[in-house]
Enquirer: 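One structure is given below, represented as structure tokens, and several questions about it will come after.
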Protein chains: 2
Amino acid sequence: MYQQIADEIRGQIVAGDLEPGAKLPTEAEMRSAYDVSRETVRKALNLLVNEGLVVSARPQGHFVRRREPMIFRPQTEFRKRPHSPEMDAFATEHSAEGREPRQVIEVAIVEPPAEVAKRLQLKAGDLVAIRKRVRYLDGEPFNINDSYFPLDIVRDSEIMRPEDITRGANEVLAELGYRQVRALDELYVRMPQPEEVKRLELPPGTPVGYHITTGFTAEGRPVRVATTVLPGDRHVISYERGLETPGEEA
Amino acid sequence: MYQQIADEIRGQIVAGDLEPGAKLPTEAEMRSAYDVSRETVRKALNLLVNEGLVVSARPQGHFVRRREPMIFRPQTEFRKRPHSPEMDAFATEHSAEGREPRQVIEVAIVEPPAEVAKRLQLKAGDLVAIRKRVRYLDGEPFNINDSYFPLDIVRDSEIMRPEDITRGANEVLAELGYRQVRALDELYVRMPQPEEVKRLELPPGTPVGYHITTGFTAEGRPVRVATTVLPGDRHVISYERGLETPGEEA
DNA sequence: CAGTGGTCTAGACCACATC
DNA sequence: ATGTGGTCTAGACCACTGT
């Protein structure tokens, strides 16, 4: 029964009868409209909140969720190419032009999480340096970027200072004798952990992309693992491909 | 208070005290353990279910969610390269070897959804051919792949038949005079729609990756839009990059 | 049949933003 | 002060799966 209520409202939202930002009826109104108890109404609303369609703004009521401006995340391999007109248009549409960027950096020495230790091929007990960044645009957080380095190669380097490295941490690694020549990228889709919810101010019903890059030197040694948490409501990941070898897309 | 209960159980799960597949205490047990009402216990469990950490198997109880075997989704541009040892290991780890693939294909002529019409640069009222596929592995659905083609170029072609096209739909398009030479890829992260939940048998708390590929001919005409819905609990998207131009990862 | 979770009710108190 | 949603309670009935 609460599912039916949710279905009805969801239908109005996807059909556009209820526009983003529109106020939903109050719980009391829905209770009498459907002749059910308050808890039943709340279960229906809860469904929609967890689907990311509705937000609750106490005590103003429930609202159809607005779509955040999407941030364009081009994959670097493709940035060097001359862009096609379509790609240009796409980039322009999702540009962050005119928005005010800011970042907060923390640096620490920690025992790495298992998934990082594995990718850096560390032994138990080995420590890593971690640079944790939260990036903001117009004061709103839009992604978390944590980079891990084996402690023995970055100790006492610039990487340990909690400041912006304008030429890039990769360049510093290269100066230390560990130039990365290739990277393995993995992208997972999952629900955020509570800490990520807090750091990114994620509304309920917002999944994240979890991007892990492992950078290797020419000798095949992994020297950097970067994890990026991308809130799904604020990011499009995009790239352009040549299709010299057409094949069915898997 | 229900948040505290959820926090406690979540802590046990992430710490590994409760392993995947382990049975949680019953609602009655938790009710007396925390001395709260049943609804409060259920709210705590509901949180964990929506975070994708717990599944409910009525009437056996609640269980720590098992991780699905991950399906490796390499991006095609990179498949041609000689693989590095790391990439090979990664591909092997997530291989679908020995699993039984199957797919169900439907074909129809429809008015395209707005996001498809826009990418195909169609006028209002233009129709498209759609090939809808659900792919299974060992009888379990693992992704939805819908391909849209402007009706005027595929009418009466093989693409309209609901059968597997072994040489690929792209090749058929090429034979029709519309060879694609490049593609624009977009990847979104969001919660699934109810239809996607049904078609993919998604447990609650499972987000999806939504991958849209637009294929262009040399003349710049978009001739194909393929959308793929990737359940987050079953897919890793992965690729390897050269880093000739090191730069900070955005 | 027993025990599980799924659903629904009626009632209560609270925190908070706005008027 | 009012009205909103957030939380919690106590009790009830149901559907399903196992024994």
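Order of the sequence lines sets the chain letters (A, B, ...), proteins ahead of strands, with each chain counted from 1.
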Enquirer: Expressed in angstrom and rounded to an integer, what is the separation of L24(A) atom CG from dT4(D) atom P?
Expert: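 In whole Å, dT4(D) P lies 14 Å from L24(A) CG.
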
Enquirer: Side chains of E115(B) and Y210(B): do they bring a donor and an acceptor to under 3.5 Å?
Expert: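 Yes.
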
Enquirer: Have a look at Q3(B) and say if it touches a base, only the backbone sugar-phosphate, or nothing, with a 4.0 Å heavy-atom cut-off.
Expert: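 Q3(B): backbone/sugar contact only, no base atoms under 4.0 Å.
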
Enquirer: The side chain of E27(B) lies closest to which of these nucleotides: dG6(D), dG6(C), dT7(C)?
Expert: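 Minimum distance to the E27(B) side chain belongs to dG6(C).
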
Enquirer: Can you tell me how far the CE atom of M1(A) sits from the NZ atom of K43(A), to the nearest 0.5 Å?
Expert: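 Output value for this atom pair is 12.0 Å.
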
Enquirer: Mind calculating the distance between NZ (K43(A)) and P (dT7(D)) to the nearest angstrom?
Expert: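 Checked: the NZ to P distance equals 15 Å.
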
Enquirer: Just how far, in rounded Å, is P of dT9(C) from CD of E39(B)?
Expert: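 E39(B) atom CD is separated from dT9(C) atom P by 12 Å.
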
Enquirer: Give me, pair by pair, the N or O atoms of the protein and of nucleotides 13-17 of chain C that are less than 3.5 Å apart, along with how far apart they are.
Expert:
| unit_1 | atom_1 | unit_2 | atom_2 | d |
| --- | --- | --- | --- | --- |
| dA17(C) | O3' | Q60(A) | NE2 | 3.1 |

Enquirer: Taking atom C1' of dC8(D) as reference, at what distance in whole Å does atom CZ of R31(B) sit?
Expert: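 To the nearest whole Å, that distance equals 14 Å.
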
Enquirer: So, does T40(B) get its side chain near the phosphate of dT9(D), meaning an N or O under 4.0 Å from OP1 or OP2?
Expert: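 So the side-chain polar atoms of T40(B) do come within 4.0 Å of the phosphate oxygens OP1 or OP2 of dT9(D), strictly under.
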
Enquirer: Is there a side-chain polar atom (N or O) of Y2(B) under 4.0 Å from OP1 or OP2 of dC8(D)?
Expert: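 Negative; the distance criterion is not met.
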
Enquirer: Considering only dT9(C), dT7(C), dA10(D), which nucleotide approaches the side chain of S37(B) most closely?
Expert: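 My answer, after comparing the listed nucleotides, is dA10(D).
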
Enquirer: N50(A) CG to dG6(D) P: how many Å, rounded?
Expert: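 Rounded to whole Å, this separation is 12 Å.
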
Enquirer: Should T26(B) be listed as having a side-chain N or O under 4.0 Å from OP1 or OP2 of dG3(C)?
Expert: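 T26(B) to dG3(C) OP1/OP2: no side-chain N or O under 4.0 Å.
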
Enquirer: If you apply the rule side chain to side chain donor-acceptor pair (under 3.5 Å), what do you find for S37(A) with R42(A), and how did you get there?
Expert: CA-CA 9 Å; S37(A) 79; R42(A) 300 194 89 250; over 6 Å; no

Enquirer: Measure from the side chain of H62(A), starting at C-beta and using heavy atoms only, and say which of dG5(D), dG6(C), dT7(D) lies closest.
Expert: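 Among dG5(D), dG6(C), dT7(D), the one nearest the side chain of H62(A) is dG5(D).
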
Enquirer: Could you state the atom-to-atom distance from CG of L45(B) to P of dG6(C) in whole Å?
Expert: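 Spelled out: CG on L45(B) to P on dG6(C) is 9 Å.
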
Enquirer: Would you say the rings of Y188(B) and H235(A) are close, in the sense that their centroids are separated by under 6.0 Å?
Expert: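 Distance test on ring centres: not under 6.0 Å, no.
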
Enquirer: Quickly work out the M30(B) CE to dT9(D) C1' distance and round it to whole Å.
Expert: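 Answer to the nearest Å: 17 Å.
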
Enquirer: Rounded to the nearest 0.5 Å, how far does CZ of R31(B) lie from CD1 of I5(B)?
Expert: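 One finds 12.0 Å between CD1 of I5(B) and CZ of R31(B).
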
Enquirer: Rounded to whole angstrom units, what separation is found between the CZ atom of R42(B) and the P atom of dT4(C)?
Expert: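 For the pair R42(B) CZ and dT4(C) P, the rounded distance is 13 Å.
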
Enquirer: Going by heavy atoms in the side chains, are R161(B) and I159(B) under 4.5 Å from each other?
Expert: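 No, their side chains stay 4.5 Å or more apart.
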
Enquirer: Will you find, in the side chains of T213(A) and D185(A), an N or O donor that is under 3.5 Å from an N or O acceptor?
Expert: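 Yes - a donor-acceptor pair under 3.5 Å links their side chains.
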
